[in-house]
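Small disclaimer: the values here were computed from a predicted structure and weren't measured.
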Amino acid sequence: MAAAAVALSNGSSGGSKAEFAEIYNKLKEEMLEDPAFEFTDESLQWIDRMLDYNVLGGKCNRGLSVIDSYKILKGVDVLSKEETFLACTLGWCIEWLQAYFLVLDDIMDNSQTRRGQPCWFRVPQVGLIAVNDGIILRSHISRILQRHYKGKPYYVDLIDLFNEVEFKSASGQLLDLITTHEGEKDLTKYNLNVHRRIVQYKTSYYSFYLPVACALLLSGENLDNFGDVKNILVEMGTYFQVQDDYLDCFGDPEFIGKVGTDIEDNKCSWLVVQALEHADESQKRILLENYGKSDPESVANVKGLYKELNLEAVFHKYEKESYDKLIADIEAQPSKAVQKVLRSFLDKIYKREM
């Protein structure tokens, strides 16, 4: 079967990207040749297409971060062939996890498009078979870990790590879903604590903590000794999502690559939570009457209220305070290598516009 091209971000060296792409094809081939199941030609073609459609197409920031973090922790610019393979493979396990989440998330959100193409379940003849495809994507992670890490001293820790992150992410998704039920509009549920929990559990653990935790395990470290690092990365993920919520409303679509729809979609966004915190009763009525509606006038009314409440200034104050605290927490870490890893993450997201 034809090797797939992999679209990768600018956050890693060309060599890392090429190696990363090559290893995807090897892992996919292993999944298609897994002796645990007697595949038919039709099922092989389905899985081949399903993997390329869902695992590829993103920026691969999470996966590439495993390699970059591992290099920093080891203090080298070039990894050995085996080290490269093990780091890239864990990076792809995270990309597989992302694909699993997104396939099911799109069904739950009844979304239309993902990464510029129809959501997988919207593809003709796929439909709710996508639910089973999500389960297959998750099972592939276990197969990959077993094939390449069983016998490593950190194998059980890897299994525990992926299980923990999956549990936290699924629980965050549940909180998001029950807070923003489709067809219901109850802004009394929206507050900073709820927003923070949704963001931390749905996004921060798998997007920020998981890549670094994988690199630490590869480096022979005990994750129990890095509780502060976990907390910093979760806080970084929270800042990232607040930034994303801000850009959804105030960002230039030309730069961020999409037209924001958090208002129309009734999202428990940082902006609406802040608006509820700062608004008087008449302003809250404007929110209640307009938030979660898709007509342009209602959206304009909400955005006008955000400007009236000067939420842009509120965000910039939050951004500076978050950055200053993250820098202080990073500099308090005893390991210079760990500091460098954390700074590399923060530098990529601070004051980003897309």
Side-chain angles (χ1 to χ4, degrees), residues 12 16 19-20 22-24 26-28 30-31 34 36 55 60-101 137-171 201 204-234 236-237 330 333-345:
S12 195
S16 294
E19 291 161 341
F20 198 60
E22 184 181 334
I23 287 167
Y24 167 78
K26 174 177 172 55
L27 295 174
K28 184 178 78 166
E30 289 176 353
M31 293 302 99
D34 194 323
V55 179
C60 294
N61 285 332
R62 296 166 185 83
L64 288 167
S65 292
V66 178
I67 308 161
D68 294 339
S69 299
Y70 186 36
K71 285 179 179 177
I72 293 170
L73 291 171
K74 284 187 67 68
V76 299
D77 293 325
V78 180
L79 298 170
S80 71
K81 187 172 182 179
E82 182 185 7
E83 288 169 341
T84 297
F85 178 80
L86 292 174
C88 287
T89 298
L90 284 184
W92 279 116
C93 283
I94 298 175
E95 295 298 328
W96 247 266
L97 186 70
Q98 160 91 333
Y100 156 58
F101 287 155
L137 286 164
R138 177 60 183 94
S139 69
H140 279 179
I141 299 169
S142 299
R143 307 295 292 171
I144 292 168
L145 292 177
Q146 182 185 54
R147 179 185 290 262
H148 296 291
Y149 302 91
K150 192 173 183 180
K152 302 287 185 190
Y154 51 82
Y155 174 59
V156 172
D157 294 319
L158 274 177
I159 299 293
D160 287 346
L161 174 64
F162 274 87
N163 286 342
E164 178 194 354
V165 168
E166 180 187 9
F167 171 71
K168 288 181 185 296
S169 301
S171 299
Y201 290 105
S204 293
Y205 280 96
Y206 93 91
S207 295
F208 284 81
Y209 174 61
L210 183 56
V212 176
C214 285
L216 286 167
L217 288 175
L218 284 172
S219 302
E221 299 288 355
N222 184 338
L223 294 183
D224 291 340
N225 298 330
F226 292 89
D228 287 345
V229 171
K230 178 194 282 191
N231 293 336
I232 291 169
L233 288 161
V234 169
M236 214 179 287
I330 289 169
Q333 293 304 301
S335 165
K336 292 296 183 185
V338 167
Q339 285 187 28
K340 191 174 178 183
V341 168
L342 296 172
R343 278 301 300 261
S344 73
F345 272 75

Ignoring hydrogens, what is the shortest heavy-atom contact between Ala87 and Leu218? Give both atom names and the distance. CA-CD1, 3.7 Å
Using a distance-only test with no angle check, is there a side-chain donor-acceptor pair under 3.5 angstrom linking His148 and Glu30? yes
Answer yes or no: is there a donor N or O on one side and an acceptor on the other, between the side chain of Tyr149 and the main chain of Val156, under 3.5 Å? no
Less than 4.0 angstrom from a charged side-chain N to a carboxylate O is my criterion; do Glu19 and Lys26 meet it? no
Aromatic plane relationship, Trp96 with Tyr24 - under 30° parallel, 30 to 60° tilted, over 60° perpendicular: tilted
Spacing of CG belonging to Leu216 relative to CG belonging to Asp157, to within rounding of 0.5 Å: 11.5 Å
Given the rule in the side-chain contact (heavy atoms from CB on, under 4.5 Å) test, do Tyr209 and Ser204 qualify, once you have shown the distances and angles that lead to the verdict? CA-CA 7 Å; Tyr209 174 61; Ser204 293; over 6 Å; no
Give the intermediate values and the outcome of side-chain contact (heavy atoms from CB on, under 4.5 Å) for residues Leu97 and Leu137. CA-CA 7 Å; Leu97 186 70; Leu137 286 164; over 6 Å; no
Taking atom types as modelled and ignoring hydrogens, do the side chains of Tyr100 and Glu166 form a donor-acceptor contact shorter than 3.5 angstrom? yes
Any heavy-atom pair between the side chains of Ser69 and Phe345 that's under 4.5 Å? yes
Could you tell me how the ring of Phe101 sits relative to the ring of Tyr206: parallel (under 30°), tilted (30 to 60°) or perpendicular (over 60°)? perpendicular
Using atom types as modelled and distance alone, determine if a side-chain donor or acceptor of Thr89 lies under 3.5 Å from a backbone N or O of Leu86. no
Nearest 0.5 angstrom please: Trp92 CH2 to Ile23 CD1, how far? 10.0 Å
Donor-acceptor under 3.5 Å (Gln333 side chain, Gln339 main chain): no
Name of the residue among Val66, Leu158, Ile144, Leu210 meeting side-chain contact (heavy atoms from CB on, under 4.5 Å) with Cys93: Ile144
Using 0.5 Å steps for rounding, measure from the CG atom of Leu217 to the CG atom of Leu161. 6.0 Å
Does the side chain of Ile330 come within less than 4.5 Å of Met236's, by heavy atoms? yes
Could you tell me if the side chain of Val338 sits less than 4.5 Å from the side chain of Val212, heavy atoms only? no
What verdict does the side-chain contact (heavy atoms from CB on, under 4.5 Å) test give for Phe162 and Ser142, after you've listed the backbone C-alpha separation in whole Å, the side-chain angles of each residue and the deciding distance to 0.1 Å? CA-CA 9 Å; Phe162 274 87; Ser142 299; over 6 Å; no
Compare all side-chain heavy atoms of Ser344 with those of Ile72 and state whether any distance is below 4.5 angstrom. yes
With rounding to the nearest 0.5 Å, note down the distance linking CD1 in Ile94 to OG in Ser207. 9.5 Å
So, are Lys74 and Glu83 salt-bridged, with charged N and O less than 4.0 Å apart? yes
Specify whether Tyr201 and Tyr205 have parallel, tilted or perpendicular ring planes, treating 30° as the upper limit for parallel and 60° as the lower limit for perpendicular. parallel
Run the side-chain donor-acceptor check on residues 222-234: report pairs under 3.5 Å with partners two or more places apart or on a different chain.
{"residue": "Asn222", "atom": "OD1", "partner": "Asp224", "partner atom": "N", "Å": "2.9"}
{"residue": "Lys230", "atom": "NZ", "partner": "Glu164", "partner atom": "OE2", "Å": "3.3"}
{"residue": "Asn231", "atom": "ND2", "partner": "Gly227", "partner atom": "O", "Å": "3.4"}

At what distance, to the nearest 0.5 angstrom, does SG of Cys88 lie from CG of Leu64? 8.0 Å
Between the CG atom in Asn61 and the CD atom in Glu95, the distance rounded to the nearest 0.5 Å is 8.0 Å
Salt-bridge test for Arg143 and Asp34: reply yes if a basic N is under 4.0 Å from a carboxylate O, no otherwise. yes
